Amino acid sequence: MDFHDYQDVWVFIEEKDGAIAPVSLELLGAGRGLADKRGCNLAGILIGENISHLADTMFEYGADIAYIYDQPIFKNYRTESFMQALLHCSNKYKPEIILYGATSTGKDLASAVATDLPTGLTADTTELDVEEETGLLLASRPAFGGNIMATILCKKYRPQMATVRAKVMKALTPQPGRKGKIIEESISLKEEDIRTKVLEIVKETTKKVRIDEADIIVAGGKGLGSAEGFQLIHKLAESLGGAVGASRDVVEAGWIEHAHQVGQTGVTVTPKIYFAIGISGAIQHIVGMKNSGLIIAINKDPEAPIFEACHYGIVGDAFEIVPILIEQFQQAMTREEVSHVGEV
Amino acid sequence: MLHIVACIKQVPDTKIIKMNPKTNTMDRRTAPAILNPYDAHAVEEAVRLKERYGGKVSVLTMGPPPAVKAIKKCIEIGADEGYLITDRRFAGADTLATSYALTKALDKISKESPVDLIICGKMSIDGDTGQVGPGIARRLDIPPLTSVNKVVEINKDEGYMKVHRKLEDGYEVVQSTLPCLLSVEKTINEVPYSPFPNMLKAARYQPHIWSVDDLEDVDIKQLGLKGSPTIVSKVWSPPKPEGGTLLEGNPKEQVEQLLSIILEKKELFTVKGEA
Ligand SMILES: Cc1cc2nc3c(=O)[nH]c(=O)nc-3n(C[C@H](O)[C@H](O)[C@H](O)COP(=O)(O)OP(=O)(O)OC[C@H]3O[C@@H](n4cnc5c(N)ncnc54)[C@H](O)[C@@H]3O)c2cc1C
């Protein structure tokens, strides 16, 4: 394998309901940094049906090249069809690096592609860097239960591949009108060649909790003592108009469903304000919320590691502090209301 | 009659592992080896399908000799046969080398009794990748179906099955030809307490144990550390965050300060009574 044949940084662009998934835009941001360091192109590879118009968005977010497979057979994501397109493109244009969002689709696709190429694949990366000289990808991820980070390399194979967690990398500010090169490709793949069929897509109507989209998250930990105690978190969230988050221990205890769990094995969140109440601040929790705008910790143990990861902290009993906070907040809001009325 | 193979792994119980909050290190002594929790659901699903359609369930694992214990756990859940592949030459395998070794064992198992369906757990709680299942499917050239949270139907005569694959905002119904490979979500089923006769059976059960030499057509270069494209180059502790400002005073004063800090972001809060 001659490594000189392998150039450029690629991002697999995930499309959802006619738009590019946020994680793919984040990866274009990260990929731009890697490509600049290597002095190579950043390309996005987009596979789907009627998706060609998304190329402009890719360019605005940093891509130089858009590889596009726009064919009816790619209407729904299927491992076998998408994999064929990706293998085709990779074998033809030989990227040095391919990044995928660590979503169910990204992981599914990357695992299959890595096996066929074959090459190494690092899962759930949270930090990316590249060696300027050699192009070696330094993909780092939490390991051994998450208390430490491990940097994973793939020295003998190209392309190097990694799935990257959502909300960890930053998308660039889009530059309207930024242009790039569109390379349209296609593969001859017949429906009969594919062994799976998507019969139906069912959107769940019950409103799913998406705490990763909230501006304010009030998260509670084991320090709340019981399911009843945890109600305090709901109360605060409700009065602030925020979503409820939780540590894993709380989820394990059955006080709330897993969809609320923040951290390594839960969701990664980046709200404008994050409250960590009765949460000790284990590294597995921190990795899921450390990029929040403003982190406020309330914990009765002054030594709790959460105080190292917050912007402001209150050492105190949640059951004493939080009710005062709710009360004062409501008073402040009523004052606001009065002053608003006064302005009219 | 279906022959279903569940691929499983023995892992340290990261749930029980207690983190030392002061040093942020893992206290490994506190962690017993258990059957990977996701795999328990894989085995349970295999057993339920066996009960529904008839057939048998085999479980396969690669690991050190004590992994027999994880196989016994699967027998308790209701599996019929267990296979352990164990050899120093497997050691240090990443996901690519792991899927290679397991595929060689699956080849041998299906020679004795053809396999209709392979079920894996979503991921292992220690490796945390979810990459091995799809890897096996590709090597066997059968369709991989990940994120499965329901099996709708298996029709062996017509050679297909239907499943639900979980999506971010719902699910999709997918039909696949048989044989195929599923990796299943925890939500696919609940693993009940094992019936007593199964526990007795498990206690006596001796799994098939194979070394590399028992497998056929094995390219040694693709095994273990040698066969692994990825290597861990360094392990490091993330830099400690700088730490925040602790608010002083009595609780009331602390909250007052806190409030003025959060109200700087006034736009986030909707004033009550406003339209
Ligand atoms: C592989 C792996 C993955 C993990 N993934 C995650 C994950 O995704 N998310 C996650 O959160 N954890 C995760 N963990 C678990 C993590 O290591 C911690 O065990 C967990 O975060 C601790 O939860 P906690 O802070 O709620 O509980 P504890 O650590 O028990 O902390 C409770 C805190 O509450 C404080 N407290 C007690 N009473 C009060 C009171 N009245 N008022 C105020 N404070 C009080 C205590 O001082 C203490 O600091 C993972 C662990 C492993 C090994």
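Quick caveat, the model's predicted, so the values are computed rather than measured. Heavy atoms only: backbone and side chains are in, while hydrogens, waters and symmetry mates are out. Chain A is the first sequence line, chain B the second, and so forth, proteins listed ahead of strands; every chain is numbered from 1.
Of the listed residues (Pro229(B), Ser147(B), Ser233(B)), the greatest number of heavy-atom pairs within a distance under 4.5 Å of chain A belongs to Pro229(B). Your options are Thr95(B), Asp128(B), Asp94(B), and the one with the most heavy-atom pairs under 4.5 Å with chain A is Asp128(B). If you tally non-hydrogen atom pairs under 4.5 Å between each of Leu153(A), Leu294(A), Val198(A), Val322(A) and chain B, the highest count goes to Leu153(A). Put simply, of Ile142(B), Leu259(B), Ile231(B), the one with the most heavy-atom pairs under 4.5 Å next to chain A is Ile231(B). Ranked by heavy-atom pairs under 4.5 Å with chain B, the list Arg78(A), Lys272(A), His258(A), Lys156(A) is led by Lys272(A). Contact count versus chain B (heavy atoms, under 4.5 Å) is highest, among Thr119(A), Val113(A), Leu121(A), for Leu121(A). Taking chain A as the reference chain and counting heavy-atom pairs below 4.5 Å, the highest number among Glu172(B), Glu256(B), Gln131(B) is found for Gln131(B). Put simply, of Pro251(B), Ser176(B), Pro143(B), Gly249(B), the one with the most heavy-atom pairs under 4.5 Å next to chain A is Pro143(B). Listed options Glu320(A), Arg195(A), Gln160(A) were ranked by heavy-atom pairs under 4.5 angstrom with chain B; first place goes to Arg195(A).
A salt bridge is defined here as a Lys NZ or Arg NE, NH1 or NH2 lying under 4.0 Å from an Asp or Glu carboxylate O, and Arg139(B) with Asp116(A) fails to meet this definition.
No more than 12 heavy atoms of other residues, nucleotides or ligands shown are found within 6.0 angstrom of NZ on Lys197(A). Within 6.0 Å of the CD atom in Glu238(A), the count of heavy atoms belonging to other residues, nucleotides or ligands does not exceed 12.
Here the straight-line distance linking atom OG1 of Thr146(B) with atom CG of Leu109(A) works out to 10.0 Å at 0.5 Å rounding. Taking OH from Tyr312(A) and CD1 from Ile261(B), the interatomic distance works out to 4.5 Å, rounded to the nearest 0.5 Å. The distance from atom NZ of Lys252(B) to atom CD of Glu327(A), rounded to the nearest 0.5 Å, is 6.0 Å. How far SG of Cys310(A) is from CG of Leu246(B): 6.5 Å, rounded to the nearest 0.5 Å.
Contact check for Thr230(B) versus Thr122(A): side-chain heavy atoms found under the 4.5 Å cut-off. Two residues are said to be in side-chain contact when any heavy atoms from C-beta on lie closer than 4.5 Å; Val315(A) and Glu248(B) fail this criterion. Contact annotation: the side chain of Leu145(B) approaches that of Thr196(A) to within less than 4.5 Å [non-hydrogen atoms, C-beta and beyond]. Using a 4.5 Å heavy-atom cutoff, the side chains of Glu80(A) and Arg138(B) are in contact. Tyr171(B) is not listed as a side-chain neighbour of Ile201(A), based on a closest heavy-atom distance of 4.5 Å or more. Ile296(A) places a side-chain heavy atom less than 4.5 Å from the side chain of Ile262(B). By the 4.5 Å heavy-atom criterion applied to side chains, Gln254(B) and Ile321(A) are counted as neighbours.
What you find for Ala112(A) and Pro134(B) is that their closest heavy atoms are N-CB, 4.4 Å. Nearest heavy atoms, Leu263(B) versus Ala332(A): CD1-CB, 3.8 Å. Taking both residues in full, the closest heavy atoms of Leu240(A) and Phe269(B) are given as O-CD2, 3.6 Å, listed atom of the first, atom of the second, then distance.
Looking at Leu247(B), the atoms closer than 4.5 Å to chain A (heavy atoms on both sides) sit in the backbone and in the side chain alike. Interface remark: Asn250(B) contributes no atoms to any contact with chain A (heavy atom separation under 4.5 Å). Within the 4.5 angstrom heavy-atom criterion, atoms from both the backbone and the side chain of Lys155(A) approach chain B. When heavy atoms are compared at a cutoff of 4.5 Å, Arg141(A) approaches chain B solely by way of its side chain, counted from C-beta outward. Heavy atoms of Lys162(B) lying under 4.5 Å from chain A belong exclusively to its side chain. If you measure heavy-atom distances from Ser140(A) to chain B, the contacts under 4.5 Å come from the side chain alone. With a 4.5 Å cut-off on non-hydrogen atoms, Gln328(A) touches chain B through its backbone and its side chain both. Using a 4.5 Å cut-off between heavy atoms, Glu200(A) touches chain B through backbone and side chain atoms alike. When heavy atoms are compared at a cutoff of 4.5 Å, Thr79(A) approaches chain B solely by way of its side chain, counted from C-beta outward. For a residue to count as touching a neighbouring chain, one of its non-hydrogen atoms must lie under 4.5 Å from one of that chain's; by this rule Lys107(A) touches chain B with the side chain only. In this structure, chain B has heavy atoms under 4.5 Å from both the backbone and the side chain of Ile152(A). For chain B, the nearby part of Tyr157(A) is the side chain; its heavy atoms alone come within less than 4.5 Å. Using a 4.5 Å cut-off between heavy atoms, Ala114(A) touches chain B through its backbone atoms (N, CA, C, O) alone.
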For Asp215(A) and Lys265(B), what are the C-alpha separation, side-chain angles and deciding distance, and is it a salt bridge (charged side-chain N to carboxylate O under 4.0 Å, His left out)? CA-CA 11 Å; Asp215(A) 278 337; Lys265(B) 300 183 185 271; over 6 Å; no
